[in-house]
Amino acid sequence: MTDDREVPEIRRLGLEPTDLDGHTIEELADYLDAGRTPRDRSIEESPGCQLALDALQRLHGLGSELLDAETAAEPEVDPTWVERVLSGIAMDARAGRRIPFASEEPDTDLGITEGAVRGLIRAAEAAVPGLLIGRCRLTGDVTAAGAPIRIEIDASALHGQSIPAVADRLRDEVDRALRTHTELNVTAIDIAIRDIREVPTWTEEKP
Amino acid sequence: MTTTEQAVLAAAIEGAVRATAGVSAVYRSASVISHLLRAGAAALGVRPEDEPLVSVAETEDGVVVEASIGVESNTRSGDTLRAVRAAVDAVLERQGVRRESLTLTVVHVHAAAPEPVV
């Protein structure tokens, strides 16, 4: 379901056409804007598209205020962080490696995809107002039960927030999600806040 | 097992998987065997929208079953996978079909927004 026009756009983000089952992140954003109607089965039945839609939905949930503030702050709009977030969403939606669960039966193979786990990690950003995850990585052999795994997260936060507090809150949420949905032996969750964004009304003190 | 019987079995398994507590959706499996089964179905004129999302292939030793699922975030993926395994086995037992292998994969966790900290 790709055409020649779409492929270069996907490749620009470092993706292969199969990562979002032939769809582009722009198509998914349009689909979300249209209220997910008319229903597109190729999107709704694609785990990669669902993971990307989850992240785009949260991005939309932050409101136009964020994008407006970015634009106002930088007359020469630097697309860097927007592109970084969008490409991160698309890259993280790839199924990736298969992470096993213990099974008492040798003929039963239970697992969760790395893409689903990255989706879980991304969802944790909702616990911290204004925080956006740009990219996350699972370092280590996730296919081997018990192998030590490091989680590496790049994120951006709002100006005025305590970076250690934001990182601690995100780390707690990611840890809780991973313990609930995986049997990974997570040895560290490294969080790098790579961008600070300023949205005036978000950083004003609440009455 | 004829192709039709195989499709009926796959549909019954899919129904049992969907009915399992904690399962939010069933997705198309992306494994090689599932792609081969879909290609075979297409060659027989089966429309993609009519195919069961669960893959069932017959071998000399029984059937190979594969399913990709979404789970609710407020459940534990491991527990849900084990409940799905039990549901699939119950269908196979009722139909008198021996299972050679079963591959179940969580491909999406349907996230509920956590409580924001203000």
Side-chain angles (χ1 to χ4, degrees), chain A residues 18 21 41-42 44-51 53-55 57-58 61 93 95 98-131 165-166 168-170 172-173 176-183 206, chain B residues 14 22 24-31 35 38 47-53 59 61-86 88-89 92 98-118:
Chain A
T18 53
D21 288 319
R41 288 189 61 171
S42 69
E44 297 295 345
E45 292 176 0
S46 157
C49 290
Q50 293 305 301
L51 291 165
L53 284 170
D54 286 349
Q57 180 87 56
R58 285 192 300 277
R98 195 167 183 282
I99 302 169
F101 281 88
S103 175
E104 315 83 61
E105 300 176 18
D107 57 359
T108 303
D109 185 3
L110 309 179
I112 183 168
T113 62
E114 191 175 10
V117 172
R118 285 190 296 248
L120 266 179
I121 294 170
R122 282 190 166 278
E125 73 187 3
V128 188
L131 186 123
V166 163
D168 284 348
R169 176 69 181 128
L170 180 63
D172 287 349
E173 194 62 29
R176 186 196 60 75
L178 293 177
R179 286 180 192 279
T180 303
H181 289 284
T182 76
E183 294 177 352
K206 296 215 171 3
Chain B
E14 184 178 323
S24 59
V26 179
Y27 295 99
R28 291 185 190 283
S29 173
S31 73
H35 281 304
R38 279 201 282 277
R47 295 180 307 168
E49 58 268 33
D50 294 334
E51 293 168 22
L53 299 177
T59 68
D61 297 321
V63 293
V64 172
V65 179
E66 290 184 358
S68 297
I69 62 169
V71 300
E72 299 290 352
S73 65
N74 59 356
T75 62
R76 301 180 73 84
S77 284
D79 292 347
T80 304
L81 284 167
R82 291 178 187 102
V84 169
R85 176 185 62 197
V88 172
D89 281 347
L92 294 175
R98 186 176 184 282
R99 165 162 71 77
E100 183 190 324
S101 70
L102 172 62
T103 302
L104 298 174
T105 308
V106 172
V107 294
H108 182 226
V109 178
H110 191 258
E115 288 296 316
V117 174
V118 180

With chain A, which of [options] has the greatest number of heavy-atom pairs at distances under 4.5 Å?
options	value
Val109(B), Val84(B), Ile69(B)	Val109(B)
Val65(B), Asn74(B), Thr80(B), Thr75(B)	Thr75(B)
Ser77(B), Ser101(B), Ala25(B), Gly78(B)	Ser77(B)

Problem - Choice from Gly111(A), Ser103(A), Pro106(A), Pro100(A) maximising heavy atom contacts with chain B below 4.5 Å - result: Gly111(A)
Handout entry: Contact leader toward chain B among Leu120(A), Val117(A), Thr113(A), Ile99(A), where contacts are heavy-atom pairs under 4.5 Å
Key = Thr113(A)
Handout entry: Between CZ on residue Arg76(B) and OG1 on residue Thr182(A), distance to nearest 0.5 Å
Key = 9.5 Å
Fill in the blank from the handout: So CG of Leu110(A) and OG1 of Thr103(B): to nearest 0.5 Å the spacing works out to 8.5 Å
Practice task
Verify the distance criterion only: is there a donor paired with an acceptor across the side chains of Arg98(A) and Thr105(B) at less than 3.5 Å?
Solution key: yes
In terms of side-chain geometry, is the basic nitrogen of [X] or [Y] positioned less than 4.0 Å from the acidic oxygen of its partner?
X	Y	value
Arg41(A)	Glu44(A)	no
Asp54(A)	Arg122(A)	no
Arg82(B)	Glu105(A)	no

Exercise for the section: Pick one of side chain, backbone, both or neither for Val71(B), based on which atoms fall under 4.5 Å of a heavy atom in chain A. Expected result: side chain
Completion exercise
Okay, Arg179(A) and chain B: the region with an atom under 4.5 Å from a heavy atom over there is backbone
